[in-house]
Amino acid sequence: VEKTSFSRKHKLFVEEELKQLKKYAAENGVTMAALLCTAYGKVLKHWSNQRRFAINLTVFNRLPFHEDVNNIIGDFTSVILIDCDLKEKNFIDQVKGVQEKILSALEHRHYDGVEFIRDLAKENNMINQVITPIVFTDVGDNYQYENENEEIAYEPIMEEFQGITQTSQVYLDNQVAQRNGQLSIVWDYIQDIFEE
């Protein structure tokens, strides 16, 4: 692909569907992030015909380097690499495996994924090659709760009007977020790489 052109797909799960997903995750002792990342992995497994691959997982990494760090507006994200191996037959076992990988990777999040990819490229003589072009971003619950006991007592931290992620060396970026009691899933992707 000489000139990259990004497109966006969006799917919204309504409140009742999100409640069912949360209930399913809670009953099985897994996080929503692990559940959604595994579902993403299953789609990738199907369409790539690969059981094992790497997913870049974006993480919020605001280090307490100053007393006013929480008042700074900026991008405090970094990436960690998840070894997504969907060898288990049972879906919930796959989710638990992905969750273990996420927790393990978070313990080493100060060795940033970008730094890891650079080291991997040097080690394997793959400089200037796309190594891990798949991203999963879980924005989580984008609301500040005034009273946790009230169901509809949230205020949006910020409102999104329009957007598209265009990151070099990323072919597909899956972003999930809970907004207004619903689950939003957005895929930003390079058009010329994927069939409609």
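These numbers come from a predicted model, not from an experiment.
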Within-4.5 Å side-chain heavy-atom neighbours: Gln175 and Asp188: yes
side-chain hydrogen bond (donor to acceptor under 3.5 Å, both in side chains) partners for His46, two or more places apart: none
Note, Phe194 side chain near Trp47 side chain (heavy atom, < 4.5 Å): no
Separation of Leu86 CG from Asp93 CG (nearest 0.5 Å): 11.5 Å
Interatomic spacing from CD1 in Ile190 to OG in Ser7 - rounded to 0.5 Å: 10.5 Å
Short side-chain to backbone donor-acceptor contact, Lys11 and Ile185, under 3.5 Å: no
Nearest-0.5 Å distance, NZ of residue Lys87 to CD of residue Gln94: 11.0 Å
Residues forming a salt bridge (charged side-chain N to carboxylate O under 4.0 Å, His left out) with Lys9, sequence neighbours excluded: Glu196
Under 3.5 Å, sequence neighbours excluded: what are the donor-acceptor pairs made by side chains of residues 25-39?
{"residue": "Asn28", "atom": "ND2", "partner": "Tyr24", "partner atom": "O", "Å": "2.8"}
{"residue": "Thr31", "atom": "OG1", "partner": "Ala34", "partner atom": "N", "Å": "3.0"}
{"residue": "Thr31", "atom": "OG1", "partner": "Gln99", "partner atom": "OE1", "Å": "3.3"}
{"residue": "Thr38", "atom": "OG1", "partner": "Ala34", "partner atom": "O", "Å": "2.7"}

Thr137 vs Asn174 side-chain heavy atoms within contact, under 4.5 Å: no
Thr58 and Val135, any side-chain heavy atoms less than 4.5 Å apart: yes
Aromatic contact, Tyr40 with Trp187 (centres under 6.0 Å): yes
Side-chain touch Gln178/Leu18, heavy atoms, less than 4.5 angstrom: yes
Common cluster, Val14/Leu21, ILVMFWY with side-chain heavy-atom separation under 4.5 Å: no
Spacing of Arg52 atom CZ and Cys84 atom SG [to the nearest 0.5 Å]: 10.0 Å
Gln182 side chain reached by Leu12 side chain, heavy atoms, under 4.5 Å: yes
Sidechain-backbone polar pair: Asp68 side chain, Asn71 backbone, donor-acceptor under 3.5 Å: no
Co-membership, hydrophobic cluster, residues Ile102 and Phe91, 4.5 Å side-chain: yes
Close side-chain approach of Leu172 and Leu44, heavy atoms under 4.5 Å: yes
Results of side chain to side chain contact (heavy atoms under 4.5 Å, CB included) for Gln50 - residues two or more places apart only: Ser48, Phe53
Within-4.5 Å side-chain heavy-atom neighbours: Asp85 and Arg51: yes
Qualifying residues under side-chain hydrogen bond (donor to acceptor under 3.5 Å, both in side chains), relative to Asp119, sequence neighbours excluded: Tyr111
Counterpart residues, side-chain hydrogen bond (donor to acceptor under 3.5 Å, both in side chains), relative to Lys96 (two or more places apart): none
Nearest-0.5 Å distance that lies between atom CD1 in Ile80 and atom CG in Leu57: 4.5 Å
